[in-house]
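Please read the structure below before turning to the comments.
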There are 2 protein chains.
Amino acid sequence: MRLKEKHEITEVAEALSHFEGFLRRRGFKVTRTRLLIAERALSMPGHFSAIELWGALRDRGTSVATVYRTLDLLAEAGLVRRCTLAGTSGAIYESCLGRRRPHGHLVCRNCGRAIEFKSQGLETELQRIAEAQSFCLEEAVIQGIGLCSRCRKALS
Amino acid sequence: MRLKEKHEITEVAEALSHFEGFLRRRGFKVTRTRLLIAERALSMPGHFSAIELWGALRDRGTSVATVYRTLDLLAEAGLVRRCTLAGTSGAIYESCLGRRRPHGHLVCRNCGRAIEFKSQGLETELQRIAEAQSFCLEEAVIQGIGLCSRCRKALS
DNA sequence: GTGAGTGCAAATGCTTTGCATGATG
DNA sequence: CATCATGCAAAGCATTTGCACTCAC
């Protein structure tokens with residue numbers, strides 16, 4: 001546990017300096033607000049919405065607008081991914097730290113949680129299908145909607 | 001062509017009476033407006049948004065609210081499917097008539113068109129993954145995002 | 001100091017809801 | 001003729017934008 005935490009802290013720190021480098025390279029300014037938002041975003045457990053991240057920053061007087069703007073930058077820097085879970089309105093984000101790519105999501109329509117799974121095989125097959133149509137595949141979205149084991153029991 | 005058209009018209013007519021039966025069975029009223037919206041929705045080519053369908057009904061003084069309400073009913077009756085294409089905001093609908101299930105979508109991020117493909121194999125595999133997590137899979141969303149062959153050429 | 005970044009509030013786009021009126025069973 | 005369905009306008013929600021002010025460079 002102790003080690004895990006330490007490891008995570010290091011990862012976030014590394015990612016933050018990567019982000020700083022990204023900002024400088026692109027001529028963006030390295031501001032306190034951007035680093036703060038980045039740090040909280042990268043420390044969020046699992047998936048989160050822009051609004052949830054904003055909630056975690058309420059105490060610092062940050063505005064939603066800036067949260068959205070910074071999430072865009074983080075996505076461009078490759079530190080965060082924006083995804084749309086089917087059946088929901090609004091985007092959710094996930095930190096790219098310590099996440100195996102590629103992966104898909106099993107989304108529970110009851111509790112809303114998303115379970116990740118490896119999707120290498122599925123993506124390879126999708127790639128094959130795309131090629132057959134000369135479609136240039138850039139990203140794959142593979143999701144299952146239904147009930148997670150917990151809700152399945154709870155509802156029966 | 002002649003035959004195809006005739007065939008489609010019959011299909012729509014069949015679907016409409018299915019819808020009427022659905023309404024009666026559920027104690028909903030069979031109104032002129034509902035049948036009109038249903039008829040246009042089932043005749044829409046390819047995918048369409050609620051707003052597009054509304055546009056196709058402008059001349060009849062229908063309100064958006066009713067379009068949305070009726071689309072919900074059509075979805076419940078199994079005549080239309082609501083889906084969210086990744087990378088886009090807002091839902092799109094597709095008539096279930098003459099559509100092979102299951103299928104996935106290749107969504108062009110340039111022109112926005114969605115190309116359908118058979119996804120039987122992919123869904124079976126997803127089902128296997130879900131079972132391994134005791135997740136009860138109800139629906140699969142399999143999408144590829146990228147450039148269709150036309151836009152690929154146009155942009156190069 | 002100057003231009004980019006920020007917070008705020010207002011605008012947007014899609015979707016839903018409340019309510020008075022009108023049509024259906 | 002009692003309800004349920006409809007149109008309208010207003011509300012809701014996530015996201016974006018315009019603008020004056022502030023900060024990093």
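Each chain gets a letter, A, B and so on, in the order the sequences are listed, and its residues count up from 1. Predicted, not measured: the structure shown is a model, and the values here were computed from it.
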Quiz prompt | side chain to side chain contact (heavy atoms under 4.5 Å, CB included) between A:I129 and B:L122, intermediate numbers included | solution = CA-CA 11 Å; A:I129 292 169; B:L122 288 165; 3.8 Å; yes
Practice problem: Dump the intermediate steps for side chain to side chain contact (heavy atoms under 4.5 Å, CB included) on A:H47 and A:E116, then the final yes or no. | Solution: CA-CA 10 Å; A:H47 303 88; A:E116 292 182 14; 3.6 Å; yes
Quiz item: Would A:V107 and B:V141 count as a side chain to side chain contact (heavy atoms under 4.5 Å, CB included) if you check the C-alpha gap in whole Å, the side-chain angles of each, and the deciding distance to 0.1 Å?
Solution: CA-CA 10 Å; A:V107 188; B:V141 174; over 6 Å; no
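Of the residues in residues 60-68 of chain B, those with a non-hydrogen atom less than 4.0 angstrom from any atom of DNA chain D are B:G61, B:T62, B:S63, B:A65, B:T66. Against DNA chain D, the stretch residues 26-33 of chain B makes heavy-atom approaches under 4.0 Å through B:F28, B:K29, B:T31, B:T33. For the contact set between residues 71-78 of chain A and DNA chain D, defined by any heavy atom under 4.0 Å, there are no members.
For a distance-only test at 3.5 Å, the side chain of A:R69 qualifies as a donor-acceptor partner of the base of C:dG7.
The CH2-C1' distance, from A:W54 to C:dT6, rounds to 14 Å in whole Å. Atom-to-atom, CG of B:L35 to C1' of C:dA23 comes out at 13 Å; the value is rounded to the nearest Å. Remark: C1' of C:dG25 and CG of B:L23 are 13 Å apart, rounded to the nearest angstrom. Here C:dG7 presents its C1' atom at 14 Å from CG of A:L36, a figure rounded to the nearest Å.
Using the six-membered ring where Trp is involved, A:Y93 and A:F48 have ring planes that are parallel, under 30° apart on the 30 and 60° scheme.
Here the range on DNA chain D touched by chain B, meaning any atom under 4.0 Å from one of its heavy atoms, is D:dT3 to D:dC8.
B:L71 has its side chain out of reach of B:R82: every pair of non-hydrogen atoms, C-beta onward, lies at least 4.5 Å apart. Here the side chains of B:R150 and B:C111 are not in contact, with every heavy-atom distance at 4.5 Å or above.
When each of A:I37 and B:A50 is assigned the nucleotide of DNA chain C with its nearest heavy atom, A:I37 is the one assigned upstream, toward the 5' end.
Sorted by first then second residue, the side-chain hydrogen bond (donor to acceptor under 3.5 Å, both in side chains) pairs that include residues 131-143 of chain B, not counting sequence neighbours, are A:R109-B:E138, B:R81-B:E139, B:Q127-B:E131.
Side chain of B:S17 to main chain of B:E14: a donor-acceptor pair is present (N/O by atom type, distance under 3.5 Å, no hydrogens or angles).
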Produce the list of close N/O pairs, under 3.5 Å, pairing protein atoms with atoms of nucleotides 10-12 of chain C; give distances to one decimal.
none

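For C:dG5, one of the phosphate oxygens OP1 or OP2 lies less than 4.0 angstrom from a side-chain nitrogen or oxygen of A:R34.
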